[in-house]
Amino acid sequence: QVQLVESGGGLVQPGGSLRLSCAASGFTFRWYAMTWYRQAPGKERELVATISTAGVNIAYADSVKGRFTISRDDTKNTAYLQMNCLKPEDTAVYYCDAQSASVAYWGRGTQVTVSS
């Protein structure tokens with residue numbers, strides 16, 4: 001079965017850090033680009049960061065540049081999102097996505113809440 005399972009979300013104070021993980025199974029992980037999206041209450045889903053196969057190319061949304069780092073470990077079939085200097089506006093459900101030329105898979109999300 002194809003699975004993408006996000007974890008690592010939670011409640012953190014402004015300025016704090018979290019590390020999200022996306023564990024993949026049921027497909028050849030190294031052949032897929034990985035992307036993190038987020039969706040805040042009342043807002044559309046937005047792209048946060050993406051990483052290509054083998055980690056050759058990486059891109060970030062302007063709102064998270066310098067604060068977030070996307071990475072992948074193909075030996076563990078896992079993608080990561082390190083989030084530093086968190087702001088209340090980062091509060092959202094964070095989703096991971098695996099994309100090939102012909103198919104895309106989505107996880108179910110993990111909640112990140114930034115609040116004092």
query: At what distance, to the nearest 0.5 angstrom, does SG of Cys96 lie from CD of Glu6?
result: 4.0 Å
Backbone N/O of Gly9 and side chain of Thr110: donor-acceptor pair under 3.5 Å: yes
message: Would a single hydrophobic cluster contain both Trp106 and Ile70, if residues Ile, Leu, Val, Met, Phe, Trp and Tyr are joined by side-chain heavy-atom contacts under 4.5 Å?
response: no
- prompt: Just one of Val112, Val48, Val114 clears the side chain to side chain contact (heavy atoms under 4.5 Å, CB included) bar with Met83, so which one?
  reply: Val112
- prompt: Take atom CZ in Arg45; do more than 12 heavy atoms of anything else shown fall under 6.0 Å from it?
  reply: yes
query: Are any of the side-chain nitrogens in Lys87 or Asp90 under 4.0 Å away from the carboxylate oxygens of its partner?
result: no
message: Count I, L, V, M, F, W, Y as connected when their side-chain heavy atoms are under 4.5 Å apart, and connections chain through other members. Are Ile58 and Phe68 then in the same cluster?
response: yes
message: Which residues pass the side chain to side chain contact (heavy atoms under 4.5 Å, CB included) test with Val93, not counting sequence neighbours?
response: Tyr95, Gln111
message: Whether the side chain of Gln39 engages the backbone of Ala92 through a donor-acceptor N/O pair (distance < 3.5 Å, no angle test) should be reported.
response: no
- line: Taken to the nearest 0.5 Å, the spacing of Asn77 CG from Gln3 CD works out to 12.0 Å
Could you list the donor-acceptor pairs under 3.5 angstrom formed by side chains in residues 12-36, with sequence neighbours left out?
{"from": "Ser17", "atom 1": "OG", "to": "Asn84", "atom 2": "OD1", "distance (Å)": "2.9"}
{"from": "Thr35", "atom 1": "OG1", "to": "Thr50", "atom 2": "OG1", "distance (Å)": "2.7"}
{"from": "Trp36", "atom 1": "NE1", "to": "Tyr80", "atom 2": "O", "distance (Å)": "3.3"}

- request: Would you give the length of the straight line joining atom OG of Ser115 to atom CG of Leu86, rounded to the nearest 0.5 angstrom?
  value: 12.0 Å
- prompt: Got a sec, which hydrophobics cluster with Leu11, joining ILVMFWY side chains under 4.5 Å apart, including via others?
  reply: none
- prompt: Within a strict 4.5 Å, meaning less than it, do heavy atoms of the Leu81 and Arg38 side chains meet?
  reply: no
